[in-house]
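Data block below; observations after.
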Amino acid sequence: MSRARAAIILAAGQGTRMKSALPKVLHEVGGRAMLDWSIAAASNTGAAKTIVVAGKHSPAVADHVAKVLGDGASAIQDPPLGTAHAVRAAANALAGFDGDVIILYGDAPFVPPERIEEMFAMRAAHGGLVVLGFKAADPTGYGRLMLGADGVVERIVEHKDASESERANRLCNSGVMCADAKLLFELLAQVKNENAKGEYYLTDVVALGRAAGHKTHVLIGEESDALGVNSKVELAAAEAGFQKRARIAAMEAGVTLIDPDTVFFSYDTEIAADVVIEPNVFFGKGVKVGKGARVHAFCHFEKTEIGENAEIGPFARFRPGSKLGKKTKIGNFVEVKNSVLGDGAKASHLSYIGDTDVGAGANIGAGTIVCNYDGFDKYRTTIGAEAFIGSNTALVAPVKIGDRAYTGTGSVITRDVPDGALGVARGRQTNLEGWADKNREKKRAEKAKKDQAE
Ligand code: UD1
Ligand code: CA
């Protein structure tokens, strides 16, 4: 990379069509805010500086940017007067920057990183400006790229300002643009708002650049590269697009998906080769699954690491903070939260395991509940290696079950159980010899008497 790079991400639009209190660019696709997809694209390309242009109407956007990129990474555009005006709002934040700038949108988060890379390369090779274009199935609403005989873009005409013949041109502007920073701000200073919308159009820099002797080249991408989100319906379409790509990527990496359309991934899901995933499984953020594991149908995961050759589900739920070792087994209707399970540990049926450290080879019987919360605080439980927790044990945290220790079925364990010991805490059983037979006889006799009397 010879020249320094920076990114400007436009995110000052109102997003009213989302009908939401949450700013549009903070809505998530694949578990990540749309804005963060664009920020990640900028950082992937090696941008030394990324400036997000936010509107005054959505302070949550600037707050989000401060958290993700640090202070000084957002610029406020107030009021929003068009895309050129928005880019200009980033000028102060980029003062002194010498290099190339890529302009991205906060609500069009799926420009492939390799496309952005190609744009920088084209700019390095040809100078001037580079825009990302695409052939639209239906070009309505998009700016049109008007090419000269030499194939360079002479100007961009917005749909509202276009003539009938210009509207027939299906080569559209994605909005993504790459330019030398100094040239870009020089051209932006000349942009006027004499057009159908009365806005300052970023797209006008193409004709202005041409007049000053700077060519604009076009990189032609896919229509899906430019996919923008304006409504919940479009958000769902963006999500569907992400899921489709994620499923294909997983299968290409060696993961078996029995019914791919019913498995949902997050942007950061990591699944190793030779994992088999049965239908109807949801991976929230921060999940890793080790090779050879099998995930049976209907499981839900968040922020959890599953070890190699583990067997999970069906109907298992993993809440944040869990780590399972190799060959662990979590069976049906088991919920695991913020717990660590050693290699080969098992909880096969109907259990809650919260804030617990489980040693290797431990077996947790059906119906075991870790009582980790007293209504105010949470406490940890430790279950030793090779321990055997009898069915229907309640483990009242904080409590420690030693290595190889047993708990008696149905026990409420409130005190530590030493290594190798048996902890039993339940009413002792008494058998009353003959009681049931005597009782039955007595009841029968009573009933017969009553029937006679009637
Ligand atoms: C823009 C392009 C058009 C292109 C289309 C691709 C211009 C003039 N037109 O049109 O050529 O085909 O995108 O989707 O650039 N924004 C601000 N501040 C503003 C105005 C917009 O930050 O004052 C942001 C919006 O939040 C949005 C992006 O810029 O992320 C694009 O704005 P929008 O109004 O949607 O532009 P279009 O009319 O769709
Ligand atoms: Ca738009």
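When a ligand or atom number is given, it counts from 1 through the structure's own listing order. Residue numbers start at 1 and run along the sequence shown.
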Short list, please: which atoms of ligand 1 are under 4.0 Å from a heavy atom of P80? 19 (C), 23 (O)
With atoms numbered from 1 as shown, which atoms in ligand 1 lie under 4.0 angstrom from a non-hydrogen atom of L10? 22 (O), 24 (C), 29 (O), 30 (O)
Criterion side chain to side chain contact (heavy atoms under 4.5 Å, CB included) against S322, the qualifying member of V336, V340, I306: V336
Could you tell me whether a side-chain N or O of R247 sits under 3.5 Å from a main-chain N or O of P260, the two making a donor and an acceptor? yes
Here the ring-ring contact (aromatic ring centres under 6.0 Å, His included) pairs for residues 125-156, sequence neighbours left out, are H126-H217, F134-Y142
Ligand 1 versus A11, non-hydrogen atoms closer than 4.0 Å: side chain, backbone, both, neither? backbone
Using a 4.0 Å heavy-atom threshold (strictly under), name the region of A108 that reaches ligand 1: side chain, backbone, both or neither. neither
Whether R5 engages the ring of F120 as a cation-pi pair (distance to the six-membered ring centre under 6.0 angstrom, angle to the ring normal within 45°) should be assessed. yes
Nearest candidate to atom 36 (O) of ligand 1, where distance is taken over non-hydrogen atoms, out of T83, L104, D107, T203: T83
Value for CD (E28) from CD (E239), rounded to nearest 0.5 Å, stands at 9.0 Å
When you measure from the side chain of N195 to the backbone of E199, do you find a donor-acceptor pair of N or O atoms at a distance under 3.5 Å? yes
Only heavy atoms of Y201, strictly under 4.0 Å: list the atoms of ligand 1 that pass. 8 (C)
Can you name the residues that form a side chain to side chain contact (heavy atoms under 4.5 Å, CB included) with R17, not counting sequence neighbours? N230
Residue-level breakdown please: for L81 versus ligand 1, do any non-hydrogen atoms fall below 4.0 Å on the side chain, on the backbone, on both, or on neither? backbone
Going by the closest heavy atom to atom 38 (O) of ligand 1, which one wins out of Q77, Q14, E158, K197? K197
Indicate, as side chain, backbone, both or neither, the part of A12 found under 4.0 angstrom from ligand 1 when only non-hydrogen atoms are considered. both
